[in-house]
Every structure is written in C-alpha cells, then in structure tokens.
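These values consider heavy atoms only, across backbone and side chains, with no hydrogens, waters or symmetry-generated copies. Computed from a predicted model, the values in this text were never measured in an experiment.
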Amino acid sequence: VAPTEPTVAPTEPTVAPTEPTVAPTEPTVAPTEPTTAPTEPVSGEGFVVADFLKPGDKIVLVAAYNDKYYAMSNDASTIGNALAAQEVTVSGDTVDVKSVRSAGSEVVWELVAGSAADTFTLKSSDGKFISWTSSTSLKLADSGVDFTAACGAGTSSFLVASTVGTATVRGLIFRDNGGALQFRAYSMSNATASGYSGVLTIYKLTEGGETPTEPTVAPTEPTVAPTEPTVAPTEPTVAPTEPTVAPTEPTVAPTEPTVAPTEPVGEETGYFVADALKAGDKIVLVAEYDGKYYAMANDTGINNALAAAEITVSGKQAVIGDADVVWEVAAGSAAGTYVLKNKDGKYINWTSSTSLKLADAGVDFTANVGEGTSSFLVSSTVDTATVRGLIFRDNGGALQFRAYSTSNATTSGYSGELTIYKLS
C-alpha cells in the first residue's frame, strides 16, 4: 500500500520579505598589488627511490654489487644478448647519472603500459623496447616484453611476466661475467649467487627546484571597508503553514530476501612456509643450496633416491609451476608421525642406509617446521647413534634427496637447510 499524499498543501507566505533599501557600498580604495612579484620555481630534476610506478615515468634501474652501483644502460650492442651496465653514484635516496649521460651512455628508460593489465614495457631513448624470447637473452626491438614491477630500496624487481608462476621465474639481474658488466633475464634463483646481484633499486625522475620567494611588499588592505546595508531585509509576516494531514506510512513492510547470499568459494592460493602440519596437508619440501632452491620430486629416476627439481622461492612462497613436487601428509602408524604420499598414491619407503623407494606402505617420519629449519626424520632412527632424515645432495650433478645421516646436513655438497611449504 503506497503512502497517501497530504490532503492540504502548505500555504505560501502572505508577505514576501523586503529587499534592503540601501545597497552596501563598495570599498573606496582598492587594495594595492604587491610591488615585487613572487619568483617562479627554478627548474631542476633528479632521480629518487621510487615508491610507485605508472606509464610515462622515466626511471633508472640500479644494482648494488661489491659496494658499487651499476645502472642498466640502453646499450644492447657492446655485449651480445645483454644490456651493458654503467657505474653510477648513489647518495642516500638519489642516483646521479649526469656524468655517464654526458659521456654518451644513456641509462634512463621510459615506462610504457604493457599488453597485459598491471605490466610495463621498457623503452629506450631511441624508442626501442627491451625484448625477450627465451633463456637469458635480451635485445632492443620495435616491441617489448611485458614485465611485472615492484618498488623498494634494494628490493625492486622487473620480472618477465610470462615466467611468473612457472618453475623458472626470470627477471632483470646484474652480472659481472669476468669483467663484462651486464644485465640479462636470469633466473631469480641466481639473484644471490656469486657474481650476480638481484639487489636492485628503481629510481624515478622527479621535477623540482628552489622554493619560490615570497613577495617583498605584501598587498595592502582596503582603506575604507564596505558599509553595511542601512535597512535590514524584513522577515515574512506570516509563516507558511504545515500540511494538515501527515502522509501515511506504508501498511506493508518490505519483505526480506528469502535466499541468503552465498559465501565465496575458497581457492588454492599457493604454497607458503608452513607453521604447522596435519594429516591431509599438501606440501613441498625445499632445500636451499648454493643460492638456488630444490624441491623433492615424486620421481625415483635416480637409483635409491628421490630426484630434486629446481624451483623458485619468492619471499614466503614456493613457486613450483608444473614441477611434480607435491606430497600429501598422511598419519603414520605411531602417534605424532607422518608418512608422505605422492600423486600416484605411493609412499616414501625406507629400510636401511640412505636408500629411498616408493611403495604401497611408507616409513614413519617425525616432522619439524620452520623456515630453513624444517626436517623429516626417519622416526625409528631418532635417539639412535645415526639419526637419518630427508637431506638434499648434489652428487656430481645428480641432484637428489636421500635418508642421509643428519651429520651430513652441513657437509660440502649436501644441504639440510630445508623449508616445508604448505598449500593454503
């Protein structure tokens, strides 16, 4: 039922308000202009640490290496399949590129929107773009590869967008290759390797200069203030009446929705450093070795061992791409233990020495979680003279996990620096 309209409309006032009989006067003396105009800012420019990026920004990408700083130049001809690096000076949050530019080495790049959302391409001073097709090679061409970018002093990055989420994420990384200073699209696992540097900072061009001066003579106030009207406007003598019948409220209230909105369906977001384990968890066991990351694979292609597959670790996340490295945690036969099951329903089995196999039944492990301090120990060896656990080894290029004695964890060629990443 719709509300009724009022039956009596409000009346208009019977006497309109009067206008003032004398208008206010204008000031008889106008304020003076300042006798000295303020100065305009002096034009200037500088490159400072970027905290955000947008298309059109002019930037310099700088790597810190052996206490020096190197900017990625526009030069793709001096070193084959790479962009040459030029030493620059960094002071606080700024980088000085004037000397290298005046010497003919251009290190400034313009950001252009990429073909995919939230990506950029990098354009040189000659209008050419950084191009990438495979491996580490970079060239300058008429069209560019899409990068995803992140800002931060020493934590900046330009990642090749098409490789993000794959087993080998590539990004712009500096390398001193026997004195040939260069940037290429190296795997991010090289960022901390000897001779490389992924310690990058993006500096962005900002315009500024001297603070403008204040006028030397302030403008004067008017010498005669404007007068107030001599007769104030009158108020209406009869106020408008209120409606005599108030509108009615609707007699039927609106109904509530009969079906509640559904909750969003959860999605798998990735593998992150585990802080606890339980039966049913999907996990990836990763060893850090020589600046790279290796996950324990479902593959027993190496005799009596589980193969290791190189993956990428980004912050607290393991990026596994298509690598077959996921294990399901299941309850072991003893309290507080686990067995590890692969995608084919087979379990890690151990009987003696370092040998590991896949079988229909698994060996019990005791597990510990922690970034770089995780472990899966063969439960039956705990508290014995030789405690065994899942440990990585580079055995002459045969990358593998076996049930090595934990005393090998820090031996050359081995790594017990493990992290368990859990699907969340």
Side-chain angles (χ1 to χ4, degrees), residues 45-63 69-86 88 95 97 100-101 104-175 181-188 190-191 196-207 312 314 319 321:
E45 68 178 40
F47 290 86
V48 301
V49 175
D51 54 4
F52 70 95
L53 297 173
K54 67 182 186 305
D57 283 343
K58 301 292 181 66
I59 64 103
V60 178
L61 180 63
V62 177
Y69 299 92
Y70 297 93
M72 183 176 70
S73 78
N74 290 187
D75 176 10
S77 59
T78 301
I79 302 172
N81 298 321
L83 294 165
Q86 291 290 334
V88 293
V95 60
V97 297
V100 294
R101 296 182 79 185
S105 296
E106 183 58 83
V107 293
V108 177
W109 298 87
E110 180 181 347
L111 291 182
V112 179
S115 61
D118 300 323
T119 64
F120 299 101
T121 55
L122 290 172
K123 185 169 70 172
S124 73
S125 60
D126 296 328
K128 299 294 185 180
F129 296 83
I130 297 179
S131 172
W132 173 87
T133 52
S134 64
S135 188
T136 67
S137 298
L138 295 176
K139 296 182 179 180
L140 290 179
D142 293 331
S143 61
V145 65
D146 287 351
F147 291 100
T148 60
C151 296
T155 59
S156 297
S157 65
F158 276 105
L159 303 180
V160 177
S162 61
T163 69
V164 174
T166 69
T168 304
V169 179
R170 295 188 178 276
L172 298 177
I173 290 178
F174 169 87
R175 184 182 183 189
L181 308 176
Q182 59 195 268
F183 284 80
R184 290 182 183 249
Y186 291 110
S187 167
M188 292 304 292
N190 290 107
Y196 297 78
S197 176
V199 182
L200 306 180
T201 303
I202 299 169
Y203 295 84
K204 183 170 70 172
L205 178 64
T206 59
E207 296 185 356
T312 299
S314 178
V319 182

**Message:** Go through it in stages, so that I can follow the logic: the residues are Val49 and Thr201, the test is side chain to side chain contact (heavy atoms under 4.5 Å, CB included), and I'd like the CA-CA distance, side-chain angles, deciding distance and then a yes or no.
**Reply:** CA-CA 7 Å; Val49 175; Thr201 303; 4.0 Å; yes
**Message:** If you define the side chain from C-beta out and look only at heavy atoms, does anything of Leu111 sit under 4.5 Å from Leu122?
**Reply:** yes
**Asked** Is there side-chain contact between Thr168 and Ser187, with at least one heavy-atom pair below 4.5 Å?
**Response** yes
**Request:** Begin with the C-alpha distance, continue with both residues' side-chain angles, and end with the deciding distance and a verdict on side chain to side chain contact (heavy atoms under 4.5 Å, CB included) for Leu159 and Val169.
**Result:** CA-CA 7 Å; Leu159 303 180; Val169 179; 4.1 Å; yes
**Item:** Straight-line distance of Leu140 CG to Lys128 NZ, nearest 0.5 Å
**Value:** 8.5 Å
**Message:** On the six-membered ring of Phe52, is Lys204 placed so that its NZ or CZ lies under 6.0 angstrom from the centre and within 45° of the ring axis?
**Reply:** yes
**Asked** Does Thr119 reach the side chain of Phe147, with side-chain heavy atoms less than 4.5 Å apart?
**Response** no
**Item:** Beyond-backbone contact of Tyr69 with Val95, side-chain heavy atoms, under 4.5 angstrom
**Value:** no
**Asked** Would you find a donor on one side and an acceptor on the other, under 3.5 Å apart, between the side chain of Trp109 and the backbone of Met72?
**Response** yes
**Prompt:** How many angstroms lie between CG in Asp57 and CD in Glu110, if you round to the nearest 0.5 Å?
**Reply:** 9.0 Å
**Prompt:** Hey, mind stepping through Val107 and Asn74 against side chain to side chain contact (heavy atoms under 4.5 Å, CB included) and telling me if it holds?
**Reply:** CA-CA 6 Å; Val107 293; Asn74 290 187; 5.9 Å; no
**Complete:** Of all heavy-atom pairs linking Leu53 and Ala50, the shortest is CD2-CB, 4.0 Å
**Message:** Give me the atom names and distance for the closest heavy-atom approach of Phe47 to Arg101.
**Reply:** CE1-NH1, 4.2 Å
**Message:** Quick check: do Phe129 and Ser124 have side-chain heavy atoms less than 4.5 Å from each other?
**Reply:** no
**Request:** Check the pair Ser197, Tyr70 against side chain to side chain contact (heavy atoms under 4.5 Å, CB included), reporting the backbone distance first and the verdict last.
**Result:** CA-CA 10 Å; Ser197 176; Tyr70 297 93; over 6 Å; no
**Asked** Hey, are the side chains of Val100 and Val88 touching, using non-hydrogen atoms and a 4.5 Å cut-off?
**Response** yes
**Message:** Return the CZ to CD1 distance between Arg184 and Ile79, rounded to the nearest 0.5 Å.
**Reply:** 7.5 Å
**Prompt:** Just by modelled atom types, is the Arg170 backbone N or O under 3.5 Å from a matching donor or acceptor in the Thr163 side chain?
**Reply:** yes
**Request:** Would you give the length of the straight line joining atom OG of Ser156 to atom OH of Tyr203, rounded to the nearest 0.5 angstrom?
**Result:** 8.5 Å
**Complete:** Heavy-atom closest pair (Ala63 atom, Leu200 atom, distance to 0.1 Å) is CB-CD2, 3.4 Å
**Request:** Rounded to the nearest 0.5 Å, what's the gap from OG on Ser157 to CD1 on Ile202? Could you check?
**Result:** 7.0 Å
**Item:** Student check: side-chain heavy atoms of Val319 and Thr166 closer than 4.5 Å
**Value:** no
**Complete:** Between Ser143 and Ser131 the two heavy atoms that sit nearest each other are O-CB, 3.8 Å
**Prompt:** Backbone N or O of Ser137 within a donor-acceptor pair of the Ser135 side chain at under 3.5 Å?
**Reply:** no
**Asked** How far does CE of Met188 sit from OG of Ser314, to the nearest 0.5 angstrom?
**Response** 7.5 Å
**Item:** Closest heavy-atom pair and its distance - Lys54, Phe120
**Value:** C-CE2, 3.9 Å
**Request:** Without swapping roles, check the side chain of Asp146 against the backbone of Ser115 for a donor-acceptor pair under 3.5 Å.
**Result:** yes
**Asked** What residues, two or more places apart in sequence or in another chain, satisfy ring pair (Phe, Tyr, Trp, His ring centres under 6.0 Å) together with Phe183?
**Response** Phe174
**Asked** Heavy atoms, side chains only, cut-off 4.5 Å: are Thr121 and Ile130 in contact?
**Response** no
**Prompt:** What are the two closest heavy atoms between Ala71 and Val60, and how far apart are they?
**Reply:** CB-CG1, 3.7 Å
